[in-house]
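Here's the structure, in structure tokens; my notes come after.
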Amino acid sequence: MSRTDLDTMRPLHPHAPPSAGPHHLLAHLGEDAETRSYLGRSPDKAPVRVVIPRSGSAIDPSVRSAFVHRVKSAFGSKDPYVASIVDADFDSPVPWAVIERPLGPNLADLVQNHGPLPTAALHPLALATARGLAALHSARRAHGSLAPENVLISEDGALLADPGLTSTANDAAPADDVLSWASVLCFASSGTPGTEGLDEVPLQLRGMIDACLHEDADLRPGAADLVNMLGGTTSSTAWPPEQIPVIETFADAMRRLLSDDPPSPAPGGRGRFLGMTAAALALTLVVASGAVWGNDRLLSALGGDGAAEGETEDAPGLITEAACADGYGLPEAEADLGDLPATAAVFSPDGDVLAVTGGEQGLGLWDWRNNEPIAHPAEEGAVISDPVFSPVGCMLAAVRMEEVEEETRYRLATTYDLPSGEILDHLGALPEPRPDGSRRLVPVSSVDFSPDGRWMAVGTSTEYQLVRDHSIGLVDLATGETVRTFNDEEATGDLAFLDATRLAAYGSGIVTVWDVETGERLETIRNVQGGAITTIPDRNQIVYVGNGRLVWRDLTDGSDIATFLMEDYSEGVFTPDLRSIAADADRGLVHVSWVQTTDEEDPDDRETILRAHLWEVESGEDLLAGNEDAMARGAAFHPEVIAGVDREGRVVIMDPGTLEVIETLG
């Protein structure tokens with residue numbers, strides 16, 4: 001609905017649960033220090049907000065106990081001005097609570113899309129929210145995160161989105177709630193965040209707001225005092241008639257969305273449902289409000305718990321707890337990041353940033369929506385390849401060429417924590433020392449992050465060694481240390497995590513699935529061609545080239561979700577160089593690109609040919625047939641667009657429905 005909500009609500013993280021009991025999760029709403037909140041749909045298709053302890057908190061007995069205690073204390077409490085808990089599970093491995101979410105906008109939506117509330121609506125808003133706080137405080141609970149996005153607006157009136165699950169009431173907490181309440185009224189009166197709009201508050205409320213903003217918390221009125229000053233519990237909280245049609249518009253949009261049956265899933269099931277839900281949600285709410293935003297996220301929040309912009313999933317030690325949109329501690333980009341051609345492009349986890357490697361620019365970050373360079377993490381002329389973002393925070397890893405001696409270079413893994421600007425090199429699994437204590441330099445071939453951001457795997461090429469050493473190193477991102485190495489039989493050409501503990505690694509015609517915590521070999525796939533694989537994290541699916549086909553396989557039962565014959569891949573004498581594989585599970589698309597060398601007898605006559613396919617799983621159609629140019633070097637998928645690296649190395653932003661080029665970077 002609003003820009004605030006577009007920034008707050010996000011697609012489900014790859015390792016987020018698909019449901020909580022019978023409540024299906026649709027999207028991530030926000031988080032605080034201990035919990036995460038999701039938009040959910042109950043079996044009767046009613047909207048709800050599902051609150052689940054964060055992964056780190058769920059296993060902390062004290063945090064878990066506090067969460068369960070607060071849920072139990074609020075469970076069964078019924079107040080018309082506080083969203084109530086409708087379901088909970090205290091005995092599951094991760095407890096959860098489900099909170100009602102009536103149809104309609106939140107206050108942030110309403111004001112940002114339709115302007116400040118009319119004076120006649122301010123009194124009902126003030127009284128309803130004050131009564132909600134009074135109910136919480138009398139039950140020895142505090143709201144703790146009262147803000148415009150946490151005030152829900154329905155046709156029946158206003159209510160607080162949170163029944164006090166994040167804070168234990170004490171004198172300081174209720175006083176903070178009262179201060180936040182005053183800020184909410186200032187925002188509703190002016191449309192300006194915080195208390196900057198104090199001058200716009202009507203005179204009949206101004207004295208009360210001034211009292212709530214008193215610097216000395218002990219001199220602020222209590223919530224019960226506010227209720228009395230606003231006319232008491234018998235005073236009306238009904239909206240003025242002119243406010244109802246606006247609320248109904250939002251409510252109808254939500255009702256249509258929640259009444260739709262889930263579409264049939266593409267490979268892997270849940271991802272396609274979530275992707276289509278996201279698109280439907282964004283489209284429905286844009287139409288409902290009569291405005292277009294859409295540049296910051298695909299999704300808009302239907303309510304939340306006040307998570308600040310930029311909050312992320314749990315971030316380990318090396319990853320700064322900030323999103324890409326929070327800024328960069330890196331050298332600012334010059335007007336021109338350098339001439340392309342690019343070799344690869346990848347979107348940040350929040351979708352706002354496009355990282356591009358190749359050409360003279362080394363590594364450049366782009367605000368792709370505005371076609372503007374943002375930052376330049378690597379020096380010009382640096383040879384950077386295979387970029388990949390951590391799914392949490394805003395950390396990028398890539399393979400970088402390092403010159404160690406004159407005319408001697410080797411590859412290592414480099415991480416760039418974009419918010420802090422910290423750049424670190426990682427060597428991966430080092431060979432056993434020589435008798436004199438020295439070690440051979442081993443080139444890094446690939447790098448990937450686990451879906452929870454806990455691990456980074458670094459693969460190395462060991463094929464030239466007489467004695468095989470481990471070719472995979474596991475880096476603990478909490479410390480930056482390589483804590484485990486494994487795979488003493490094959491070089492590792494590419495690797496990709498399947499979930500938080502299982503890693504798929506390619507080497508010498510074999511893909512091996514490893515348990516990264518034990519180093520145990522779990523599964524083997526043979527007759528694999530080329531040096532590139534990709535996985536669909538947490539769906540147990542892998543995509544690779546084998547026996548002249550592109551294969552999308554479900555490892556749960558060993559079945560092939562889709563296969564595509566690649567006759568042109570094996571038609572030459574020389575082994576093709578498989579450059580990239582990328583899959584979009586939400587749209588059911590898979591892209592593959594490679595380099596083919598012609599087989600003329602005279603080497604001077606041979607040509608290098610770029611080849612690519614983009615298959616649609618449902619129809620089996622090659623969408624690039626006869627027009628490979630726009631994605632000849634690679635592709636990156638985003639919920640709004642596709643970024644292609646074209647034959648000339650230019651990065652083009654494409655419409656995913658028509659594959660028409662919308663814009664070219666630079």
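It should be emphasised that the depicted structure is a prediction, and the values quoted were computed from it without experimental measurement.
- Within the 3.5 Å criterion, the main-chain N or O of V595 finds no donor-acceptor partner in the side chain of R611.
- For H638 and W368, the gap between ring centers is short of 6.0 Å.
- Side chains of R502 and N540: a donor on one and an acceptor on the other come within 3.5 Å.
- With hydrogens and angles ignored, the 3.5 Å screen pairs a side-chain donor or acceptor of H591 with a backbone N or O of M631.
- Using a cut-off of 4.0 Å between Lys/Arg side-chain N and Asp/Glu carboxylate O, D367 and R369 are scored as not salt-bridged.
- T535 contributes a side-chain N or O that, together with a main-chain N or O of F497, makes up a donor-acceptor pair within less than 3.5 Å.
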Applying side-chain hydrogen bond (donor to acceptor under 3.5 Å, both in side chains), run through D417 and T320 and close with a yes or a no.
CA-CA 7 Å; D417 187 68; T320 303; 2.3 Å; yes

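- Residues L623 and L659 form a side-chain contact, since some pair of their non-hydrogen atoms from C-beta on lies under 4.5 Å apart.
- Between V447 and V388 there is a side-chain heavy-atom pair separated by less than 4.5 Å.
- Between R539 and D499, no side-chain nitrogen of the basic residue sits less than 4.0 Å from a carboxylate oxygen of the acidic one, so the salt-bridge criterion is not met.
- Donor-acceptor pairing under 3.5 Å is recorded for the side chains of Q541 and W552.
- The side-chain hydrogen bond (donor to acceptor under 3.5 Å, both in side chains) test applied to H613 returns D568, D622, not counting sequence neighbours.
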Determine, step by step, whether M566 and R549 satisfy the side chain to side chain contact (heavy atoms under 4.5 Å, CB included) criterion, reporting the C-alpha distance in whole Å, the side-chain angles of both residues, the deciding distance to 0.1 Å, and the verdict.
CA-CA 5 Å; M566 296 175 59; R549 302 175 303 154; 5.7 Å; no

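- In this structure, the side chains of Y506 and Q529 stay at 4.5 Å or more apart for every pair of heavy atoms.
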Given L498 and L555, is the side chain to side chain contact (heavy atoms under 4.5 Å, CB included) satisfied, shown in steps?
CA-CA 10 Å; L498 285 159; L555 296 180; 3.8 Å; yes

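- Taking CG of L665 as the start and CD of E372 as the end, the distance is 11.5 Å to the nearest 0.5 Å.
- Two residues are said to be in side-chain contact when any heavy atoms from C-beta on lie closer than 4.5 Å; L550 and V590 meet this criterion.
- If you check the side chains of S593 and S580, you find a donor sitting under 3.5 Å from an acceptor.
- We find the CG-CE distance between L614 and M654 to be 8.0 Å, quoted to the nearest 0.5 Å.
- The residues E628 and R633 are annotated as not salt-bridged, no charged nitrogen and carboxylate oxygen being separated by less than 4.0 angstrom.
- To the nearest 0.5 Å, the span separating OG on S450 from CD on E517 amounts to 9.5 Å.
- Listed here is the closest heavy atom pair of N371 and G666: OD1-N, 3.0 Å.
- The closest side-chain donor-acceptor pair between T357 and S385, if any, does not fall under 3.5 angstrom.
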Apply side chain to side chain contact (heavy atoms under 4.5 Å, CB included) to residues T415 and V475 and explain how you reach the verdict.
CA-CA 11 Å; T415 54; V475 178; over 6 Å; no

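- A donor-acceptor contact closer than 3.5 angstrom is absent between the side chains of D554 and S559.
- No donor-acceptor pair closer than 3.5 Å links the side chain of D515 to the backbone N or O of G519.
- One N or O on the side chain of R587 and one on the backbone of P639 form a donor-acceptor pair closer than 3.5 Å.
- Side-chain atoms of I533 and V543, non-hydrogen and from C-beta on, never get closer than 4.5 Å to each other.
- Residues C394 and F389 share a closest heavy-atom pair of SG-CE2, 4.3 Å.
- Summarising the geometry of T492 relative to S446, their closest heavy-atom pair is CG2-OG, 4.3 Å, with the distance given to 0.1 Å.
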Run F486 and T518 through side chain to side chain contact (heavy atoms under 4.5 Å, CB included) and show every step you take.
CA-CA 9 Å; F486 45 92; T518 65; over 6 Å; no

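- The CZ atom of R36 lies 12.5 Å from the CG atom of L25; values are rounded to the nearest 0.5 Å.
- To the nearest 0.5 Å, atoms CG (L589) and CD (E621) are separated by 10.5 Å.
- Residues A496 and D448 share a closest heavy-atom pair of CA-OD2, 3.3 Å.
- Taking the side chain as every heavy atom from C-beta outward, N487 and W514 approach each other to under 4.5 Å.
- Put simply, the side chain of R579 never gets that close to the backbone of W594: no donor and acceptor are under 3.5 Å apart.
- With hydrogens and angles ignored, the 3.5 Å screen pairs no side-chain donor or acceptor of E523 with any backbone N or O of T512.
- V442 approaches S461 most closely through the heavy-atom pair CG1-O, 3.5 Å.
- Proximity of a side-chain donor or acceptor of H426 to a complementary backbone N or O of T414 within less than 3.5 Å is not detected.
- In summary, the aromatic rings of W455 and F449 are positioned with their centroids too far apart to meet the 6.0 Å limit.
- For the pair D452 and V392, the minimum side-chain heavy-atom distance is 4.5 Å or more.
- A 4.5 Å side-chain heavy-atom check between I653 and L354 finds at least one atom pair inside the cut-off.
- The CG atom of L610 sits 10.0 Å away from the CG atom of D646 when rounded to the nearest 0.5 Å.
- Taking both residues in full, the closest heavy atoms of L396 and P387 are given as CD1-CB, 4.0 Å, listed atom of the first, atom of the second, then distance.
- S471 places no side-chain N or O within 3.5 Å of a backbone atom of A491 that could act as its donor or acceptor partner.
- With sequence neighbours left out, the side-chain hydrogen bond (donor to acceptor under 3.5 Å, both in side chains) criterion links S390 to no other residue.
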